[in-house]
Amino acid sequence: MPDKVYMMPNPPTPNVPIHFNPTFCTGCNVCVEVCRTDVLMPNPVKKQPPIVLYPDECWYCGICVEDCSIPGSIWMVHPLNQSVVVNWKRKDTGEFFRLGMKNPPPPNTKPPAK
Amino acid sequence: MSSWWNFVQRQASVPEWAYPIRYDVENQVDIDVLVLGGGIAGCHAAINAARQGAKVAIVDKGSIRRSGQGGAGVDHWQAACTNPCSKVTPEEYTRAIVDSFAGYDCGPMRYIQCQESWDTLLDCEKMGVQIRDVRDEFKGAAFRDEATKLLFTYDYENRHTLRVYGHDMKPRLWREIRKLGVQIFDRVMATSLLTQDGRQGTHVVGATGFNVRTGEFYIFKSKATILAMAHPRREWTFSTELNGGSASFADLNIVGDGHAMGWNAGAEFAAMERSMGSSGGFAYIQYGVGYPDNTWYGCTMVDANGKEVRWLSHNGEELKSIAERFQPAPDQKFILMGGGLVGGAIAREVKGNYIDNTLTELIRKGEIKLPLYADLPGLPEHERRAIFGLMVGNEGKTRIPVYDIYTKAGFDPDKDLLQAPVMPPDSYRSPHYPAGSMVPQWREVFGGGLLVDWDLKANLEGLYAGGRMVYGAGEHAGAATSGRYAGRQAAKYALSAHASELDTKQVAQEKARVYAHLNKGRASIGWKELNAGLCRVMQDYCGAFRNEETLQAGLRILNSVKESELTETYAANPHELERVLECHTILTVGEMIMHASLARKASSRFLNFYRLDYPEVDPPEWNKLLPIRLEENQVKVRELPLDYHLREPYAPSYEENYQAHSGL
Ligand code: SF4
Ligand code: SF4
């Protein structure tokens, strides 16, 4: 069943830079506090993930993700206008991959240099 | 589930503003040193002023823990000329960079950086920032010093620029600030400087601001004030609809508020006529596409069929090995940095190696076929890991946006070639491909800022500056060192100065200006439309080509907007109020740029400044600064030699001036 239909303005783009998983997110709002432009607002419902209010003001810095201590609670998705052309080619096989493709290759788990 | 749209759909109601609304609350704060802007420069300024024993407050539109351009990290640390491995002196480095900008650069700020960059980095290390390869991952690499475990970049021989693990630089500075008892005012937008008797051109005695979440008003009373608020942006282009704020190196908060409030107070600015090209909102993910410059300096590039693009030395000779990309040529003492210097042409003697500069022609002839790829797997392991893992991973906006997201999506630097953007052939003339294709009328302010003396003090008593607020180019270590120095100077001044009374009329007028937009109904325009309208004026009347008539017309139109649309723009909450007031800044900075452009009656390659009515490029008699300021609201222009900082009343050498002023 589709949701009830309201009169809503068009969403600004990029639509949703930041996503939350309510199963893990505790609603602690650390991400809200570190976001420089108040893209994220506390949820009026306590312990629920923040609300993405100003997606069009996101700098895509990833700090909200980096500073969240609960894995899997929050992730960032680049604007399609940029990510659509993030392509790579496997050097020895010539296979093509794209950020956001349907069946991506398995993740590379090597962490950044420490 | 998490967007506003989803929330409204689920709850069938609009959430109330998340913070208490307190437009009627007024706070007064009395301190010795007020730091406006809590980025890298502001944090180092606050720390060093507090260490001198001054009572300090720091103000930022975001939260200082992570705000500012350096808030998302840093991967390299420039001009560390006094580090134990450096073979370049502060004098040599300063001269090289100032010459590269043909003298249009702030000599004192550069020299201070060269003297204090390494000490500042050691200070950051004490705060917990990792600056060495402590786990020996790069043992044996050509860019590592085995004794100190320091890692270098660009010039492995002369070792003046380090690679650092600075992804958490900002939280470390923030902790230090709190430890020192600095009063932190997060989410406060500073809106104006307060001056003695409320008059332009006098002593700076404080500032005003308001909280961008609650709307409450702040009056700061200070003995010394440091402007540390970055450079103007959103001046010629504004388009969040494409990519939000992603396409810009500066986040949306960065508009040049410090420039506008300094100007209104009567401070003097230099090089505001200078600009650089921009691709509007169409840039690519920073550090997230293949390219051979900056953080990716030294990377091998191949074409669609795997054909390698040549690397050349400063004199156009082909380099035979990858190792040579990180070495000066036999006739060079050192190289300044890799690839291009943003907005400048590096002097030959210190120009780095670069990817074939005939690439554009090779693409046209079909000898090189697009798309190009960055061949990370073709690099030696240490080089590959230094680019993708050390630098991409610690540089601003790379840890999550590039390293984490790409590797989770299966990108493997050991196996994969990362594609470069596909652009018109001309766009490959600059090796900085992520910037995208430039359009002449889309520009960005570059290097225009406050004119300072050897104390990093402005023409107004009690006013100091650091970072990109200062005239001349800068980057992370430049912001850190100038902030540090300005913090010391401001504290020294404040500790012996008397507090002045604030002018109540000036405060009341400013308060009225700040809140005026709350009384407009939503029937008028919002901040985005206003911003985009102001950008159109700049594009058309003050773009890549300007003349007397377009500039005068531009000023006329800006003034007309000031009287009509600007006063009518609505703000429905404190956040929108912040954005509308930023449009005031954008308009004021636009006027500054037009006045500075009118003053320069010649074209200049170095300033990227072209007058249709004065086409002669860089005639020698125009190689000078033309500082501008307001006096009783009239624009005053004067002439100043480019090397003013080495002439009377100053000493003739960098070293002597530094010794006399640094206070160390
Ligand atoms: S995403 Fe993380 S930081 Fe943000 S509210 Fe949820 S748990 Fe807290
Ligand atoms: S990515 Fe950066 S700007 Fe965007 S919501 Fe997260 S912290 Fe804010």
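These values consider heavy atoms only, across backbone and side chains, with no hydrogens, waters or symmetry-generated copies. Lettering of chains follows the sequences in order, A, B, ..., and the numbering in each one begins at 1.
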| note | So CG of Asn108(A) and CG of Asp412(B): to nearest 0.5 Å the spacing works out to 4.5 Å
| query | Quick one: of Gln286(B), His575(B), His167(B), who has the most non-hydrogen atom pairs under 4.5 Å with chain A? | reply | His575(B)
| request: Decide salt bridge (Lys or Arg N to Asp or Glu O under 4.0 Å) for Asp416(B) and Lys89(A); before the verdict, give the C-alpha distance in whole Å, the side-chain angles of both, and the deciding distance to 0.1 Å. | output: CA-CA 6 Å; Asp416(B) 295 324; Lys89(A) 180 162 84 169; over 6 Å; no
| field | Tyr165(B) versus chain A, the contacting section by heavy-atom distance below 4.5 Å | value | side chain
| field | With sequence neighbours excluded, residues passing ring pair (Phe, Tyr, Trp, His ring centres under 6.0 Å) with His76(B) | value | Tyr154(B)
| message | Determine whether a donor-acceptor pair (N or O, by modelled atom type, separation under 3.5 Å) exists between the side chain of Trp88(A) and the backbone of Tyr373(B). | response | no
| said: Please check this pair: side chain of Arg36(A) against backbone of Arg66(B), looking for a donor-acceptor N/O pair closer than 3.5 Å. | reply: yes
| request: Please flag which part of Leu80(A) lies under 4.5 Å from any non-hydrogen atom of chain B: side chain, backbone, both or neither. | output: neither
| Looking at Ser246(B), Gly68(B), Gly389(B), which one has more heavy-atom pairs under 4.5 Å with chain A than the rest? | Ser246(B)
| Can you say whether Cys25(A) sits under 4.5 Å from chain B via the side chain, the backbone, both, or neither, judging by heavy atoms? | neither
| Between Glu95(A), His78(A), Arg98(A), which shows the greatest number of heavy-atom pairs under 4.5 Å with chain B? | His78(A)
| request: Pick one of side chain, backbone, both or neither for Val32(A), based on which atoms fall under 4.5 Å of a heavy atom in chain B. | output: both
| remark: Residue from Val212(B), Leu418(B), Thr240(B), Asn243(B) scoring the most non-hydrogen pairs under 4.5 Å with chain A is Asn243(B)
| said: Before you tell me yes or no, could you show the steps for Ile285(B) and Tyr60(A) under side-chain contact (heavy atoms from CB on, under 4.5 Å), namely the whole-Å CA-CA distance, both residues' side-chain angles and the distance that decides it to 0.1 Å? | reply: CA-CA 9 Å; Ile285(B) 295 176; Tyr60(A) 290 84; over 6 Å; no
| said: With a 4.5 angstrom heavy-atom cut-off, is it the side chain or the backbone of Asp375(B) that approaches chain A, or both, or neither? | reply: side chain
| field | Contact winner vs chain A - Trp17(B), Tyr403(B), Tyr19(B), Phe138(B), heavy-atom pairs under 4.5 Å | value | Tyr403(B)
| Does any heavy atom of chain B fall under 4.5 Å from the side chain of Pro14(A), the backbone, both, or neither of them? | both
| Most heavy-atom pairs under 4.5 angstrom with chain A, which of Gly71(B), Gly62(B), Gly244(B)? | Gly244(B)
| field | Nearest-0.5 Å distance that lies between atom NZ in Lys91(A) and atom CG in Asp414(B) | value | 11.5 Å
| Short side-chain to backbone donor-acceptor contact, Asp251(B) and Thr37(A), under 3.5 Å | no
| Where the side chain of Trp5(B) meets the backbone of Pro9(A), is there a donor-acceptor pair that is under 3.5 Å apart? | yes
| remark: Looking only at Gln130(B), Gln9(B), Lys408(B), Arg135(B), the option with the highest number of non-hydrogen pairs under 4.5 Å against chain A is Gln9(B)
| salt bridge (Lys or Arg N to Asp or Glu O under 4.0 Å) assessment of Glu57(A) paired with Arg579(B) | CA-CA 11 Å; Glu57(A) 296 189 30; Arg579(B) 297 287 179 240; 2.6 Å; yes
| message | What part of Ala420(B) gets within 4.5 angstrom of chain A, counting heavy atoms only: side chain, backbone, both, or neither? | response | neither
| request: Measure the spacing between CH2 of Trp75(A) and CD1 of Ile400(B) and express it to the nearest 0.5 Å. | output: 13.5 Å
| message | Contact between Ile405(B) and Met76(A) at the side-chain level, heavy atoms closer than 4.5 Å - yes or no? | response | yes
| query | Can you say whether Asn29(A) sits under 4.5 Å from chain B via the side chain, the backbone, both, or neither, judging by heavy atoms? | reply | neither
| said: Under 4.5 Å from any heavy atom of chain B, what part of Pro17(A) do you find: side chain, backbone, both or neither? | reply: neither
| query | Given that the side chain runs from C-beta out, which part of Lys170(B) has a heavy atom under 4.5 Å from chain A: side chain, backbone, both or neither? | reply | neither
| field | Exam field: side chain Lys110(A) to backbone Pro413(B), donor-acceptor pair closer than 3.5 Å | value | no
| remark: Bottom line for Val86(A): the part with an atom under 4.5 Å from chain B's heavy atoms is side chain
| task | Specify the closest pair of heavy atoms between Trp59(A) and Ala72(B), including all atoms of both residues, with the distance to one decimal. | result | CZ3-CB, 4.2 Å
| chain B interface, residue from Pro44(A), Pro111(A), Gly100(A), Pro50(A) that has the most non-hydrogen pairs under 4.5 Å | Pro111(A)
| Hey, what do you get for CG (Leu242(B)) to CG (Asn81(A)), rounding to the nearest 0.5 Å? | 5.5 Å
| message | Between Ser63(B) (side chain only) and Glu33(A) (backbone N and O only), is there a donor and an acceptor less than 3.5 Å apart? | response | yes
| field | Phe282(B) CZ to Gln82(A) CD distance, which is reported to the nearest 0.5 Å | value | 11.0 Å
| note | Applying a strict 4.5 Å limit to non-hydrogen atoms, the region of Thr398(B) in contact with chain A is neither
| query | When only pairs under 4.5 Å are counted, which of Thr109(A), Asn10(A), Ile18(A) shares the most heavy-atom pairs with chain B? | reply | Asn10(A)
| remark: So, the part of Cys61(A) with a heavy atom under 4.5 Å from chain B: the answer is both
| said: For Lys149(B), I'd like to know if atom NZ has over 12 heavy atoms of other residues, nucleotides or ligands within 6.0 Å. | reply: yes
| message | Please classify the contact of Asp60(B) with chain A as side chain, backbone, both or neither, using a heavy-atom distance under 4.5 Å. | response | neither
| request: Can you tell which part of Ala247(B) gets under 4.5 Å to a heavy atom of chain A, answering side chain, backbone, both or neither? | output: both
| request: Using non-hydrogen atoms and a 4.5 Å limit, figure out which bit of Ile51(A) sits close to chain B: side chain, backbone, both or neither. | output: both
| Does any N or O in the side chain of Thr13(A) come within less than 3.5 Å of the main-chain N or O of Glu241(B), such that one atom is a donor and the other an acceptor? | yes
| said: Within this structure, what is the CZ-CD1 distance for the pair Arg65(B) and Ile63(A), rounded to the nearest 0.5 Å? | reply: 10.0 Å
